[in-house]
Structure formats: C-alpha cells, structure tokens
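Written out below as structure tokens is the structure these notes cover.
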Amino acid sequence: MKNPSYKYSQKFYGKTLILALCSLIILSTVIFSIFASVIYKNNLKYARSNIVSENMRGNEQAKSIFDNCMQICMLFATYKNISPVYQSKTDSDLKKATLLKEIATFESCFDYISGIEVITSEFTVQSGAYKINSPTVSTRYKGFEIIYSKSEEWPYVMQIRYAANQDVLNSVIIGINVPYVSRQCCKDSSYCLSSDGTVIFSNDVTLLGKNISDVTGEDFENLLYNGNKSKYITSATNLLNGDLQFVTLVKASEAQKTFWQQILLLSLALVIITAAGCLLIYCILRKIYSPIEKVVQVFKYYLPEKQEIAESEVLFISQCLYDKNMDEPTKKAALQIRKSQLYVLHSQISPHFLGNALDVLKFESIKELGIGNSIEKALGIISMFLKEAQQYPHMFSSIGEEIERTKEYVKVVTLCFNEY
C-alpha cells in the first residue's frame, strides 16, 4: 500500500506533466493543420497545372486535324485547276477515275479521314463513310462548315464541308473518323463539347451525343465557370471560333491521389515526434521533481490538515519544517535540513564579510601611514590568501602553487620580525 503522503508528492508533477503533454499535442495539431493545408494547396495547384497542360495538348491536336482536313477540302475544291487531266480534253469517266484515285490516296494517308465526297458540275465522286444519318447541327469556322450530330445514335462521323461561294454543285465534304480523333486528342477526362454541353467526340464513344451534365451529374455552366464550387477541376478552351469547346475535367479527389499518402506520412512523422517529445518531457520533469519527491518522503508520517497544503509540495515541506507536533525522526530530519541551509548561507556570507573587513583595514592604514606601509602589505597578502581559498575547487594543489603561498607567508613573517 502506498504511503498517504505519496499522493501529495505526485500532485504538482502530475499537473505539470499533463499540461506539458496537452501543450505538445496542441502544438502538433496546429503544425499538422498548417502542413496539411500547404500540401493540399500544392497538390491542387499541381493537379490544375497538369489538367491545363493536357487540355492545351488535346486542343492543339484537334485544331491540327481540323486544319489538315480543311486544307484537303481546299485542294479538292481547286482540283480541276491544278490537275493535268482536267486541263486536257478528256472524257468525263477519265476525270472521274483520276479524282477517285486521288481521294483514295488521301484516305490511306490520313487515318482520321473516314470518307470524302467531291461534287462538281459534271459529276459526284465519293468514297468511304462521310454521311451523317441522324439530325445534325453545324457551325462555321474560317469559311468552312463543321457538321456534327446531336443524336444518341451516333454514327461516329463528323463532316467538314467547303462550298465555293455557297454553291452546293461545287463542294467538298470530308468525313472525320470520330473514334480515331478521340483517341488522338482525348484522354478519359477530355471531351469536345458543343455550346450546350453535348459531347461531340470523346475517348469513350458511348458518351457521344450525350450531354456532359448527364456524365458528371453537374450543371454544364457550373462545371465550366464555377470551378471552385464544383467537385471537378476543370480546364476549357475554345475550339473553332468558340462554338465548340475542348474541356478537360477531373474529380478533385482523383486529381490528388498523392495527397492522402503525404498526409499519412506527415501523420506518422508527427506521431513519432510527439511520442519522443512526451518521453523527453517525462524524463526532464522526473529529473527535476525527483529531489522534491525525496524531501516529501522524509515526512512520510505527516499529513497536512489543509487541502491547499496537500496540493503543494512547497507548502507541505514548509509546514513540516516548522511544525512542532511532528515525531522525533521527522524533527531530526527537519533540523538537519535547517542546519544544511544555515551552513550554506554562512559559507556564502562569511568569506565576503571577512574580505570586506580586510579591505576597510587596508584603506585605513593607507590613509594614516601612506601607501606601501607594512600593515597594507600584510593585509593585502592575507586578502589574497582568502580569495584563493574561496576560488580553489580542489583538495590538492601543485608544488608551484604551494611555493608561491610559502613565499607570501615568508613576506608576512618578514614584516612581523623585520627588526630581529
């Protein structure tokens, strides 16, 4: 069974330990919050940077495909002006066969071309899949007409049409292989959208013709223009004079895959540091409080009457030292403590007092007898001996030090017995 006074000796120690641990935990929590916020912002910034870069890459790739198709349109629109066959007096079948051969060559060179139709005043030449069999919407770009479907029964074809002076009898239509363009331009998170949010081409062909709101579950306008309020990180750029938009969007939770890993590492590091800090605090407080606890245990038979004394080791020890009703062993221990205190106090006061007294006598002798008199010399030697005794920390001294002290002693003897 523990001694009743033991709980008094632990009171201050326990409170201090709890306060220190709570402070350490609060500090660790604050540090964790600051670092977590910094990590989150940096990861978010990095994710946005990657999404913007991917969006620009896909947008430039799509523009490049459209521009190439438009150049091919222009080539076939002016084919009769540059072809030697058209410039000679050949029959219609030869012209048609030559044009069809040129069309086949372009189809084989460009995988994103699914078919071409060239309409002239003489005949129409067509090859591959170039028609859209569902309801369409069109937009214009650089004098060309971009035609795409909004039907869920997507035929996987877009059209680029060029008609000189809006003349249907002199026009070129190129069918674009939407799945191929999607694979070249889009990752799983990228889409080409119409102005109302319809998916024109995407890496997932099952989404073609659907609205992006149905895909993400968020309103199209909110998705593009209120990124901070959306659960998606979004980057959007205009494609083909703004009627079409190339959009890249990723869920914020997916964009920050490394965030939780970094938070886990940070948590483990803080747990280890906190545990080490707790152990260090415990050791320091234990070392500091150990002498107090030993003194408290000396008075193990004494129980304070007042609660406030029981809660303070300092008051507890003080009352024990001045209490007259304590038993004999405790009185002896208390007396020994008081004697030790007085001894320490005397050891500090006596040398200073004696040194000051010698200095007073020395100055008085100088005032009465002048500088260099024998009393001044003797007092100076004695004062030096006293200071050395105060400052000397070891029990033994060197032979050189003893010789110096002997010389000083001889000087004092010489002053005393100079006449003999």
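Being a predicted model, the structure only gives us computed values, none of them experimental.
Q262 meets the side chain to side chain donor-acceptor pair (under 3.5 Å) test with N43; sequence neighbours excluded. The salt bridge (Lys or Arg N to Asp or Glu O under 4.0 Å) test applied to K63 returns no partner, not counting sequence neighbours. Remark: K142 pairs with D67, F144 by the side-chain contact (heavy atoms from CB on, under 4.5 Å) rule, at least two apart or across chains. Judged as a side chain to side chain donor-acceptor pair (under 3.5 Å), and not counting sequence neighbours, the contacts of T274 are S28. By the ring-ring contact (aromatic ring centres under 6.0 Å, His included) test, F76 pairs with F106, sequence neighbours left out. Looking at residues two or more places apart in sequence or on another chain, you find no salt bridge (Lys or Arg N to Asp or Glu O under 4.0 Å) involving E60. Partners of K210 according to the salt bridge (Lys or Arg N to Asp or Glu O under 4.0 Å) rule, which considers only residues two or more places apart in sequence or in another chain, do not exist here. Applying the side chain to side chain donor-acceptor pair (under 3.5 Å) criterion to N203, with sequence neighbours excluded, gives D188. By the ring-ring contact (aromatic ring centres under 6.0 Å, His included) test, Y40 is found to be paired with F259, residues two or more places apart in sequence or in another chain being considered.
Inter-residue side-chain proximity for Y156 and N177 is flagged as unmet; no heavy-atom pair is nearer than 4.5 Å. For the pair F123/L99, a side-chain contact is recorded, criterion being any heavy-atom separation below 4.5 Å from C-beta on. Between I65 and F110 the shortest side-chain heavy-atom distance does not fall below 4.5 Å. Using a 4.5 Å heavy-atom threshold, the side chains of K80 and N170 count as touching. For the pair L208 and I200, the minimum side-chain heavy-atom distance is 4.5 Å or more.
In this structure, OG1 in T105 is found 9.5 Å from CD1 in I116, a value given to the nearest 0.5 Å. Taken to the nearest 0.5 Å, the SG atom of C69 stands 9.5 Å off from the CE atom of M158. One distance of note links CD1 of I176 with OG of S114; it measures 8.0 Å at 0.5 Å rounding. One finds the CG atom of D204 at 12.0 Å from the OG atom of S189 (value rounded to the nearest 0.5 Å).
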For this session: Go through the steps for Y162 and I72 under the test side-chain contact (heavy atoms from CB on, under 4.5 Å), then give the verdict.
Result: CA-CA 10 Å; Y162 176 76; I72 296 171; over 6 Å; no

Problem set entry | Test side-chain hydrogen bond (donor to acceptor under 3.5 Å, both in side chains) applied to Y112 and N68, step by step | CA-CA 10 Å; Y112 49 80; N68 285 340; 3.1 Å; yes

All N/O donor-acceptor pairs, side-chain side in residues 179-186, below 3.5 Å, sequence neighbours left out:
{"unit_1": "S182", "atom_1": "OG", "unit_2": "V178", "atom_2": "O", "d": "2.9"}
{"unit_1": "S182", "atom_1": "OG", "unit_2": "S202", "atom_2": "N", "d": "3.0"}
{"unit_1": "S182", "atom_1": "OG", "unit_2": "S202", "atom_2": "O", "d": "2.8"}

Determine all donor-acceptor pairs shorter than 3.5 Å in which one atom belongs to a side chain in residues 124-132; sequence neighbours excluded.
{"unit_1": "Q126", "atom_1": "OE1", "unit_2": "Y130", "atom_2": "OH", "d": "2.7"}
{"unit_1": "S127", "atom_1": "OG", "unit_2": "E107", "atom_2": "OE2", "d": "2.4"}
{"unit_1": "Y130", "atom_1": "OH", "unit_2": "E117", "atom_2": "OE2", "d": "2.8"}

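Counting only residues at least two apart or on different chains, the salt bridge (charged side-chain N to carboxylate O under 4.0 Å, His left out) pairs with a member in residues 190-201 are K150-D196.
For Y46, the OH atom is loosely surrounded, since the number of other residues' heavy atoms within 6.0 Å does not exceed 12.
No side-chain N or O of T248 forms a donor-acceptor pair with one of E54 less than 3.5 Å apart.
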